[in-house]
Amino acid sequence: MSTAAFALERQAVMAGLSDPMVANRPQIDRIRGVEGLHAELCFSCRKCSAGCPVADDMELAPHQLVRLAAAGLEGEALRSSGIWLCTSCQTCTTRCPNGVDVAGVIDALKQRAAASGVKPGDGRMLAFHRAFLDELKARGRVHEMALMGRYLLRARRLPEDMRLGARMVQKGKIALIPPKKTATGELRHLFERGKGK
Amino acid sequence: MTVRVLSYYPGCSLHGMSREYDASTRLVYRALGIDLRELASWTCCGASAGHSLDQGLAMALATRNLELAAAAGNDLVAPCAACYHRLKLGEKESSSHVTVLHALDVASSSETLDRLRESLRQPLNGLKVVCYYGCLLVRPPEVTGRRDYEDPQSMDQVMAAVEADIRPWSFKTDCCGAGLAVARPDVVRRLSSRLVEMAREAGADCIVTACPLCQTNLDTRQEKRGLPVLYFTELLACALGLEGTESWWRRHMVDPVPVLAKAGIL
């Protein structure tokens with residue numbers, strides 16, 4: 001954890017959640033108080049981070065992300081690569097003794113990071129998610145070969161494991177020809193509707 | 001004889017890289033008298049991209065598919081753990097009366113287990129297996145409704161019904177890293193190869209899975225000599241002595257034929 005993040009966390013803890021200095025800080029769309037997530041119930045037992053399969057790869061571990069969100073200090077969390085490494089395996093949410101939806105908090109951070117335009121801590125994962133939705137919108141169902149192409153365009157880099165990809169094509173696991181489109185008109189409508197929110 | 005009719009949501013992977021899971025699911029369920037009817041215009045559930053970027057869109061994608069199932073009038077079965085999870089969330093939040101099931105739920109019902117025992121042609125007792133459930137099939141219990149989420153039993157029950165030699169291990173629900181496969185294979189390789197290593201330590205000849213993403217990750221990210229990773233439906237097809245399994249094995253990265261042959265199954 002960086003010194004700055006630690007200072008922020010300590011500040012948040014020391015200040016308490018009702019401190020006006022914290023409450024009045026200008027923030028991007030607070031996660032604290034989002035229905036169903038219960039970030040404010042965290043007492044930092046770190047059980048979420050202890051069971052997290054990728055906590056060691058994150059510069060801010062799940063319990064730290066939750067604390068920052070609970071205190072309304074999301075800036076550093078939004079820029080961290082940790083949120084993009086989360087596999088959404090739900091171990092944290094399942095094991096939290098206080099019923100905090102930890103994976104839900106991290107999803108909310110990802111959504112806000114993507115929408116706010118901050119430079120993502122791991123641009124590859126954001127590019128992958130965007131490529132996936134591009135493909136979904138264009139075809140209705142995701143075709144793996146086309147998804148790789150869209151990832152290349154979004155990330156401006158080749159998928160990391162090209163040798164494996166080639167072997168999967170050779171094995172016939174990844175098909176070269178995409179399927180027909182399904183319900184794309186209807187999906188375009190769903191995508192547009194989501195944008196207004 | 002048809003005993004149950006269900007709507008079927010294969011999801012993108014079963015029409016793509018995991019066609020052997022689709023084929024084996026259809027074959028086995030037909031043999032068990034379960035009529036799977038694919039929803040004609042199903043669309044992608046959005047997977048982790050959906051809920052990572054747009055909560056409203058993610059729910060709308062699930063709801064759209066549930067509405068198709070509601071119109072068809074049957075409960076909905078999904079063989080992919082990620083699709084199942086997204087649809088199950090949709091079921092919770094929408095007003096539709098469709099119940100979303102995972103393929104394993106259907107296989108582990110007491111009627112199906114009886115049927116499996118009755119129709120068993122080729123007991124799998126020569127095959128040492130570990131059952132791998134992964135994440136989204138079991139967690140969180142508020143979504144999946146499972147009470148045994150830390151030590152799930154449904155796949156064990158199914159494998160026991162066909163007399164496989166089930167090895168205990170503590171990694172049934174550890175994450176394989178699925179969603180990171182394209183952009184961060186470095187992380188996935190670490191998570192998946194540890195699972196394979198632990199399966200080997202438990203004395204298994206193969207890992208049994210119930211999700212196309214788990215299977216693909218474990219099958220493709222093996223660092224050392226390979227341990228085959230099979231779908232539970234492929235093994236059920238063998239146990240029931242069904243025809244048409246040969247073309248599936250070629251699609252595995254780690255060839256399962258030697259292990260199955262050694263166990264006297266092929």
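Note on naming: letters A, B, ... go to the chains in the order of the sequence lines (proteins, then strands), and numbering restarts at 1 for each one. The figures that follow rest on heavy atoms only: side chains count, while hydrogens, waters and symmetry mates do not. Predicted model only: the values in this text are computed from it and were never measured.
- Counted within 6.0 Å of CZ on B:Arg251, heavy atoms from surrounding residues, nucleotides or ligands total more than 12; the atom is thus considered enclosed.
- Of the listed residues (A:Gln111, A:Lys110, A:Arg95), the one with the most heavy-atom contacts under 4.5 Å to chain B is A:Gln111.
- Rounding to the nearest 0.5 Å gives a distance of 10.0 Å between CD of A:Gln90 and OG1 of B:Thr144.
- Across every non-hydrogen atom of B:Leu53 and A:Ala114, the tightest pair is CD2-CB, 3.7 Å.
- For CG of A:Asp56, the number of neighbouring non-hydrogen atoms (other residues, nucleotides, ligands) closer than 6.0 Å is 12 at most.
- No more than 12 heavy atoms of other residues, nucleotides or ligands sit less than 6.0 Å from atom CD of B:Glu201.
- Under the 3.5 Å distance criterion, the side-chain polar atoms of B:Gln55 are left unmatched by any main-chain donor or acceptor of A:Ala108.
- Highest contact tally toward chain A, considering only B:Cys175, B:Ser52, B:Ser48, is held by B:Ser52 [criterion: heavy-atom pairs under 4.5 Å].
- Chain B forms the most heavy-atom pairs under 4.5 Å with one residue out of A:Ile106, A:Leu147, A:Thr184, A:Thr182, and that residue is A:Thr182.
- Here the CG-CZ distance, from A:Asp57 to B:Arg190, works out to 4.0 Å after rounding to the nearest 0.5 Å.
- Interface summary for chain B: among A:Gly104, A:Ala115, A:Gly140, the most heavy-atom pairs under 4.5 angstrom belong to A:Gly140.
- Residues satisfying the ring-ring contact (aromatic ring centres under 6.0 Å, His included) test with B:His102, not counting sequence neighbours, are B:Tyr84.
- Contact check for B:Glu142 versus A:Thr94: no side-chain heavy atoms found under the 4.5 Å cut-off.
- Chain B is approached within less than 4.5 Å, heavy atom to heavy atom, by A:Asp161, A:Leu164, A:Arg167, A:Met168 from residues 161-170 of chain A, ordered by number.
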Do any side-chain atoms of residues 176-186 of chain B form donor-acceptor pairs under 3.5 angstrom with protein atoms, and if so which ones, sequence neighbours left out?
from	atom 1	to	atom 2	distance (Å)
B:Arg184	NE	B:Asp186	OD1	3.1
B:Arg184	NE	B:Asp186	OD2	3.4
B:Arg184	NH1	A:Asp122	OD2	2.6
B:Arg184	NH2	B:Asp186	OD2	2.8

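- Using a 4.5 Å cut-off between heavy atoms, A:Met148 contacts chain B through its side chain alone, with no backbone atom that close.
- Side chains of B:His51 and A:Ser88 form a contact here, defined as non-hydrogen atoms less than 4.5 Å apart.
- Put simply, of B:Gly46, B:Ala82, B:Gly50, B:Cys45, the one with the most heavy-atom pairs under 4.5 Å next to chain A is B:Gly46.
- If you take SG on A:Cys89 and CG on B:Leu136, they are separated by 8.0 Å, rounding to the nearest 0.5 Å.
- Note that CZ of A:Arg193 is 11.0 Å distant from CG of B:Asp54, once rounded to the nearest 0.5 Å.
- Of the possible donor and acceptor atoms, one in the side chain of B:Arg19 sits under 3.5 Å from a partner among the backbone N and O of A:Gly172.
- Using a 4.5 Å cut-off on side-chain heavy atoms (C-beta onward), A:Val54 and B:Leu191 make contact.
- Looking only at side-chain heavy atoms (C-beta outward), A:Lys171 and B:His252 stay at 4.5 Å or farther from each other.
- Taking a cutoff of 4.0 Å between a charged side-chain nitrogen and a carboxylate oxygen, A:Glu160 and B:Arg189 do not qualify as a salt bridge.
- For chain B, no part of A:Glu135 is nearby; none of its heavy atoms comes within less than 4.5 Å.
- When heavy atoms are compared at a cutoff of 4.5 Å, B:Arg194 does not approach chain A at all.
- For A:Leu187, the part sitting under 4.5 Å from any heavy atom of chain B is the side chain, from C-beta outward, and nothing else.
- Contacts between A:Arg139 and chain B at a heavy-atom distance below 4.5 Å are absent for every atom of the residue.
- Ranked by heavy-atom pairs shorter than 4.5 Å toward chain B, the options A:Glu186, A:Arg130, A:Met145, A:Arg157 are led by A:Glu186.
- Atoms NE2 and SG, on A:His143 and B:Cys44 in that order, are 14.0 Å from each other to the nearest 0.5 Å.
- Separation of atoms OG1 (A:Thr87) and CG (B:Leu213) is listed at 12.0 Å; rounding is to 0.5 Å.
- Heavy-atom pairs under 4.5 Å with chain A were tallied for B:His15, B:Arg250, B:Arg64; the largest tally goes to B:Arg64.
- The shortest distance between side-chain heavy atoms of A:Thr91 and B:Thr173 does not fall below 4.5 Å.
- Ranked by heavy-atom pairs under 4.5 Å with chain B, the list A:Leu85, A:Leu126, A:Ile83 is led by A:Leu85.
- With sequence neighbours excluded, the residues forming a ring-ring contact (aromatic ring centres under 6.0 Å, His included) with B:Tyr21 are B:Tyr231, listed by chain and number.
- A:Phe191 has its side chain within reach of B:Leu57: a pair of non-hydrogen atoms, C-beta onward, lies under 4.5 Å apart.
- There is no contact between B:Ser18 and chain A, counting heavy-atom distances below 4.5 Å.
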